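Structure, as structure tokens:
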Number of protein chains: 2
Amino acid sequence: MNFDLRHIRYFCAVAEQLHFGRAAEKLHIAQPAVSRAISQLEQEIGVRLLDRNNRKVALTVAGRVFLESCYDIQESLQKSVMRARKAEDGKLGQLVVGYTDFAIMGSLPKILKEFRQQHPDILLAPIHSVTSTQIEHLESGKIDVGFVTGPLMIPDFHCKTVQEDRFVVVLYRNHPLAKQKTINLAQLRDEPFILGNLNDWKYYHDHLYRVCRSAGFTMNVVQQAYNSDAIFGLIACEMGVTIHSSCAGDYLREGLVIREIANLNETILTQAIWKENSASQVTKVFAEFLDTWKL
Amino acid sequence: MNFDLRHIRYFCAVAEQLHFGRAAEKLHIAQPAVSRAISQLEQEIGVRLLDRNNRKVALTVAGRVFLESCYDIQESLQKSVMRARKAEDGKLGQLVVGYTDFAIMGSLPKILKEFRQQHPDILLAPIHSVTSTQIEHLESGKIDVGFVTGPLMIPDFHCKTVQEDRFVVVLYRNHPLAKQKTINLAQLRDEPFILGNLNDWKYYHDHLYRVCRSAGFTMNVVQQAYNSDAIFGLIACEMGVTIHSSCAGDYLREGLVIREIANLNETILTQAIWKENSASQVTKVFAEFLDTWKL
DNA sequence: GTTCATTTATGCGAATTAAGTATTGATGCG
DNA sequence: CGCATCAATACTTAATTCGCATAAATGAAC
């Protein structure tokens, strides 16, 4: 294949005009150049593309077939250039997003949906993992953006709070405290607590620990569960209670109830977090997008 | 887009080698030519494709994206040339095939299946119509090949017999003659006949007329039906009998029986037929294929 | 820190390729 | 049969691409 795009351009012009002279005019060149290009192309392919004499020009069967291909190729080339430019701008590519239980129960679906609409050429790859793991993966580059449970402040990382939830008590329906509309933290002093795995949920537990300490007690943890669903499952067994995020409200299983905590200003933040330096262009586009996001 | 395939070729080479010198060697040109082509390409697209200094060459994100496109384009170009060549040779295109009831009940399915396997790039467009209509459509170019009921000899047309059937009597099960194993034609002298529309089935009727005449009688036609299924339907109503092609054997409806005709050498030919001149290349390929077809 | 080896980029003349001008030659129409 | 039209060809000119020589940059080694 020793022809190039010029030949294809010229061929398309002639095929459209069915006239070498007019095609040349459209191409802003002289007619002989067109004649030569067409014969070169035909020679190269080894097939006559245009049935022509000095009075008439018509596409051959092969010419019609090749013409279609020519349009395809030109279109595909144009797209390729666009894609390269988009990739440069971070508007095309892949974004690996880490997320916690709280994030996926809360604002993340809306955020990702909106982002996908604005940037259809960016493939989102969401990965569930807890805050501490996400931070490791951000460091190692395994994920581009994390949605973690804060409050959090890590050097060299950018943060954006995307969700603010209240602490709430989750009880089984028969629990005595379920009769109250709101619960004072101190009332939970002697309750058996079911929490997420103390290693995995470290950031949330530290926060919760401080909250309970300031209410004058330490949680009596009787079970550690794998995730929110497991916690709720164990509570449904009436094995204990938990303090969870208010974002669980929509996802609570049958038999469980949520009660607000009285006189507690402390909130749970879910934050988007990404490496300040060494962020891919796609990450930067996502960061920009988050900038415009209203809590 | 003021670049051509040369730039794409060079870019692919560099992307593969990640080394301008070695790429140049592979391309059998000097290194500066490669350098220049790459910068031209980058300038044209407006995006840096290769992160390079005097020690290292690496694809940028945009470069990776564009490289994929380059492979696609080159492949697509190669295919386009192949398709044009195939089209020239008649190995790609469309073939409109007319066929009769007898053809589709007989050898046509096998023929078309085999042809499709040998020529997957030829789109077959089968159209049902009777012999006389097919001949009109062949004249006007509406169909490329007809499968008609012969025997037939038309000037300027090529013929190839693809199927030879016996005349058989089709009766309803309760018919007195159904008790016989074979039937003499003369026994049908006074039977009410159900045949296809006399205009549409002209060629078959003429043939059948001659056959009955030589048996010493003229058919008493009481009903004309639209197609074979309709004929059989009316026979199932016990409105009459018919003489049909033995190819109907596999398709006969419940309640009907077939009886061979004694002492009849006459056969029904199904023939492929196409215009000798002005045949498209695809038609010629089909004709060649038929040449190798064993009856 | 300096030198060296390696490799991409650039300047310039040569070679190749494409385009332009003028003309030929073929073809259909009046 | 001549004329008008239009693609093809010959030859010249312009543009592009290439190769060689070399500069400039960079990392490694001493």
Side-chain angles (χ1 to χ4, degrees), chain A residues 1-64 66-67 70 73-74 77, chain B residues 1-64 66-67 70 74 77 88:
Chain A
M1 280 196 305
N2 200 19
F3 59 88
D4 57 7
L5 298 176
R6 186 175 55 90
H7 293 92
I8 288 178
R9 269 202 315 279
Y10 292 6
F11 171 63
C12 288
V14 177
E16 276 162 22
Q17 301 292 323
L18 292 178
H19 190 290
F20 281 65
R22 279 198 295 278
E25 212 173 310
K26 279 232 166 185
L27 294 164
H28 305 292
I29 56 173
Q31 169 264 316
V34 180
S35 279
R36 276 188 297 256
I38 298 295
S39 24
Q40 282 166 15
L41 184 60
E42 288 177 330
Q43 189 124 30
E44 211 49 56
I45 299 181
V47 161
R48 198 155 178 83
L49 300 172
L50 291 159
D51 242 338
R52 56 194 183 279
N53 56 30
N54 302 56
R55 295 311 283 186
K56 250 177 199 166
V57 180
L59 280 165
T60 63
V61 173
R64 256 195 303 280
F66 192 67
L67 181 61
C70 285
I73 286 163
Q74 288 182 326
L77 235 145
Chain B
M1 277 195 305
N2 199 19
F3 59 89
D4 56 56
L5 298 175
R6 187 176 54 90
H7 293 93
I8 289 178
R9 270 201 316 279
Y10 292 6
F11 171 64
C12 287
V14 177
E16 275 162 21
Q17 302 291 326
L18 292 178
H19 191 288
F20 281 64
R22 278 198 295 278
E25 213 173 310
K26 280 232 167 187
L27 294 164
H28 305 292
I29 55 171
Q31 166 267 317
V34 179
S35 278
R36 274 188 295 254
I38 297 295
S39 22
Q40 281 166 15
L41 184 60
E42 288 177 330
Q43 189 124 30
E44 212 47 58
I45 299 180
V47 161
R48 199 157 178 83
L49 299 171
L50 291 158
D51 242 338
R52 56 194 183 277
N53 56 30
N54 302 53
R55 295 311 281 189
K56 250 177 199 166
V57 180
L59 280 164
T60 62
V61 173
R64 256 195 303 280
F66 192 67
L67 181 62
C70 286
Q74 288 182 327
L77 238 148
E88 173 82 357

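These figures come from a predicted structure and were not determined experimentally. Each chain gets a letter, A, B and so on, in the order its sequence line appears, and its residues count up from 1.
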Rounded distance [0.5 Å steps], [atom1] in [X] versus [atom2] in [Y]:
| X | Y | atom1 | atom2 | answer |
| --- | --- | --- | --- | --- |
| A:I73 | B:Q74 | CD1 | CD | 11.0 Å |
| A:I8 | A:L41 | CD1 | CG | 7.0 Å |
| B:Q17 | B:E25 | CD | CD | 8.5 Å |

Atom [atom1] of [X] and atom [atom2] of [N]: how far apart are they, to the nearest Å?
| X | N | atom1 | atom2 | result |
| --- | --- | --- | --- | --- |
| B:H19 | C:dT8 | NE2 | C1' | 9 Å |
| A:K56 | C:dA26 | NZ | C1' | 15 Å |
| A:I38 | D:dA8 | CD1 | P | 9 Å |
| A:Q40 | C:dT16 | CD | P | 16 Å |
| A:L27 | C:dA18 | CG | C1' | 14 Å |
| B:E42 | C:dA9 | CD | P | 8 Å |
| B:R52 | D:dA24 | CZ | C1' | 15 Å |
| B:D51 | C:dT7 | CG | P | 18 Å |

Sorted by position of nearest nucleotide on DNA chain C, 5' first, the leading residue of A:N53 and B:N53 is B:N53

Checklist entry - Checking only heavy atoms, does the side chain of A:R36 share a donor-acceptor pair with the base of C:dA19 at less than 3.5 Å? => result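 When only heavy-atom distances are counted, A:R36 does reach the base of C:dA19 through a donor-acceptor pair under 3.5 Å.
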
Report task. Assess whether one donor atom and one acceptor atom, taken from the side chain of A:N54 and the base of C:dT27, lie less than 3.5 Å apart. Result -> no

Regarding the side chain of B:R6, the nearest nucleotide among D:dA21, C:dG28, D:dC18 is D:dC18

Residue pair A:S35/B:R55 against DNA chain D: nearer the 5' end by closest nucleotide is A:S35

Exactly one candidate in B:Q40, B:R36, B:E44 meets side-chain hydrogen bond (donor to acceptor under 3.5 Å, both in side chains) with B:H7; the answer is B:Q40

So, is B:Y10 close to the D:dT17 phosphate, meaning a side-chain N or O under 4.0 Å from OP1 or OP2?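 The answer is no; no side-chain N or O of B:Y10 sits under 4.0 Å from OP1 or OP2.
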
With heavy atoms under 4.0 Å as the rule, sort B:V34 into base, sugar-phosphate or nothing.
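Since no nucleic acid heavy atom lies under 4.0 Å of B:V34, the category is nothing.
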
If we ignore hydrogens and angles and just use 3.5 Å, is the side chain of A:E42 paired with the main-chain N or O of A:L50 as donor and acceptor?
yes

